[in-house]
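Since the structure comes first, as structure tokens, the remarks are kept for the end.
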Amino acid sequence: MSSTTQTSGGAAPGVERPRRQVRKMPTKQLLGLAGILGFLVTWELIPRLGLIDARYLPPASEVIAALVVDFGLTAFWVSVGETMKAWFLGLIIAVSLAVLAGFIIGSSNFLRQATNSTVEFLRPIPSVALIPLAVLLFGVKIESSLMLITYAAFWQVLIQVLYGVADVDMVANNTAKTYGLGRMARIRYVVFPTALPYLMTGVRLAATVALVLAITAELVIGSPGLGREIALAQSGGAISGMYALVLATGLIGVAINVLMRFIEKKTLSWHSSVRSEVIV
Amino acid sequence: MKVLKTLGYILGLPVLLVLIWWASTLGKPNFFVPTPASLVGTFGEVWFGERFFTDVLPSVGRLLVGVVAAIIIGVVGGVLIGSITWLRALLEPTLEFFRSVPPPVLVPVLMLLMGITDSMKVVVIISGCVWPVLLNTIEGVRAVDPVLSDSTHTYGISGWARVRYLVLPSASPQILAGVRQSLSLGLILMVISEMFASSSGLGFTIVQFQRSFAIPEMWSGIVVLGLLGVGMSFIFQWAERNILRWYHGQKEVENAA
């Protein structure tokens, strides 16, 4: 979270900032760029010097060239689309289910206590354990991916929503009651704003997990998407192509992180944790 | 009475769920869902015996070696990178990228580089689990209280003593948050590396059952993975409570004030 502010602070025109800091920011970014370049050069040199056979680890330039070629292919974008579709649908289903369940369970002390043991037991079950079941039920269709993604992402969000609902300030809640706010109104104006920061943390974590599971399902089960393309490229001996696809999944991961942090910042712009960061 | 009530809360819902499961499989047998009794029977048959030593123990061993190595690498690297400002600025964007690569795609890559061996599976687990620990340690080291940091400087505490008594304790809540993420990631990677490329291990066995339509056996494998996950989460919670006792105590005092 704090790193977000730093980068955005660097991008914003430093009008009110003291001069020393304005000069400092570009150095940091230059160093970061140097780090990336250094990594790429090392990668380029390892196969060129013969430390690892170029058949197994092609030099960086070749892989990046393959990635650029991929960018021009429709098939590549279709795969990306399939992966993102599974990611998005799975995430949406998981978040809506978890929010619904979280608010229902969280609003009643009895339900919270009664479900605690079951939640604590089901949550750590690795969703990959469900892969055989998904294959059996749905085969290589997108439903398999959705099942895994939803299971994995659901618990991340549910736990956060439960924490959030439990965090409601009793004084605020009683005040709302005294002013005659009904149950729905209290949920809307007291519980929901309290739980929102927790919910957004949960969604951010769930978004990462959902991508991991989407790729996993494609890789292991063979449902259409980038993961399957990677497995195909590997077994077909298209090594540069495989590394290029791996790079592409990394870029998607970065994009999802940036997107989620942006959404979190926008939806919580009123919240003190975000506001104080902006001021400092 | 109070104990009874707690017990009721803990067992009530699970018992109810098992009853529903039992009742729904009572009538016509469903191909995909075994009855509770047959699952328990198969579970004992399949997993208590030779398979425990040939499949379960090696898998768990690989998982432990991988996770422990990832934690050590992550913490040592994190303390190093977190304490040196220019090094952090140099490496952070690259590390962020590596963290964003979904770890399962490393399975085919490492298969290519190392072949299908036990050490390949361990390296898969390490290279997936190291990022949450590493990046959280960097964050934790960076967020060390500046007053405490200055005090240790003033008292001439430096080198290993500074790391041991200032940096590690104050970063430990963050480090453990990273460890928690990498534990569940490690379990996932263990299973995937075995499903994708292996002739033994838990993941391989379960897929084998599924391919031969041995449905109760497959379910029993899912249960084993579930128990493994639950067991790891309990051990972690116990360890966290012990390591972070001071931290939780401090939080309670702060919240009470």
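Chain letters run A, B, ... following the sequence lines, proteins first, then strands; residues in each count from 1. The figures that follow rest on heavy atoms only: side chains count, while hydrogens, waters and symmetry mates do not.
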Closest approach of [X] to [Y] (non-hydrogen atoms, all atoms of both residues):
| X | Y | answer |
| --- | --- | --- |
| B:Leu225 | A:Pro126 | O-CD, 3.6 Å |
| B:Val230 | A:Phe121 | CG2-O, 3.2 Å |
| B:Pro108 | A:Gln234 | O-NE2, 3.6 Å |
| B:Met195 | A:Val128 | CE-O, 3.8 Å |

Looking only at heavy atoms and a cut-off of under 4.5 Å, which of [options] has the most pairs with chain A?
| options | value |
| --- | --- |
| B:Leu106, B:Leu185, B:Thr94 | B:Thr94 |
| B:Ala143, B:Gly226, B:Gly203 | B:Gly226 |
| B:Pro103, B:Gly12, B:Pro93, B:Gly8 | B:Pro93 |
| B:Leu16, B:Leu90, B:Val101 | B:Leu90 |

Item to check | A:Phe138 atom CZ, neighbour heavy-atom count above 12 within 6.0 Å | outcome: yes

Next on the checklist: Quick check on B:Phe97: does its CZ atom have over 12 non-hydrogen neighbours (other residues, nucleotides or ligands) under 6.0 Å away?
Outcome noted: yes

Calculate, to the nearest 0.5 Å, the distance between atoms [atom1] and [atom2] belonging to [X] and [Y] respectively.
| X | Y | atom1 | atom2 | value |
| --- | --- | --- | --- | --- |
| A:Thr115 | B:Leu13 | OG1 | CG | 7.0 Å |
| B:Ser100 | A:Ile252 | OG | CD1 | 11.5 Å |
| A:Leu31 | B:Glu92 | CG | CD | 11.5 Å |

Within a strict 4.5 Å, meaning less than it, do heavy atoms of the [X] and [Y] side chains meet?
| X | Y | value |
| --- | --- | --- |
| A:Gln113 | B:Lys5 | no |
| A:Leu136 | B:Ile215 | yes |
| A:Val135 | B:Arg211 | no |
| B:Pro104 | A:Val212 | yes |
| B:Leu112 | A:Arg55 | no |
| A:Pro124 | B:Ser184 | no |
| A:Val254 | B:Glu96 | no |

So for [X], is it side chain, backbone, both, or neither that comes closer than 4.5 Å to the heavy atoms of chain A?
| X | value |
| --- | --- |
| B:Trp86 | both |
| B:Leu95 | neither |
| B:Ile188 | both |
| B:Phe98 | side chain |
| B:Gln208 | neither |
| B:Leu227 | side chain |
| B:Val105 | both |
| B:Phe213 | side chain |

Considering only heavy atoms, which portion of [X] lies under 4.5 Å from any heavy atom of chain B: side chain, backbone, both, or neither?
| X | result |
| --- | --- |
| A:Leu133 | both |
| A:Ile239 | side chain |
| A:Leu122 | neither |
| A:Asn116 | neither |
| A:Leu219 | both |
| A:Ile36 | both |
| A:Phe110 | both |
| A:Phe39 | side chain |

If you count heavy-atom pairs within less than 4.5 Å of chain B, which of [options] leads?
| options | value |
| --- | --- |
| A:Ser117, A:Pro132, A:Gly227 | A:Pro132 |
| A:Leu205, A:Ile131, A:Val209, A:Leu213 | A:Ile131 |
| A:Ala34, A:Ala129, A:Ala233 | A:Ala129 |

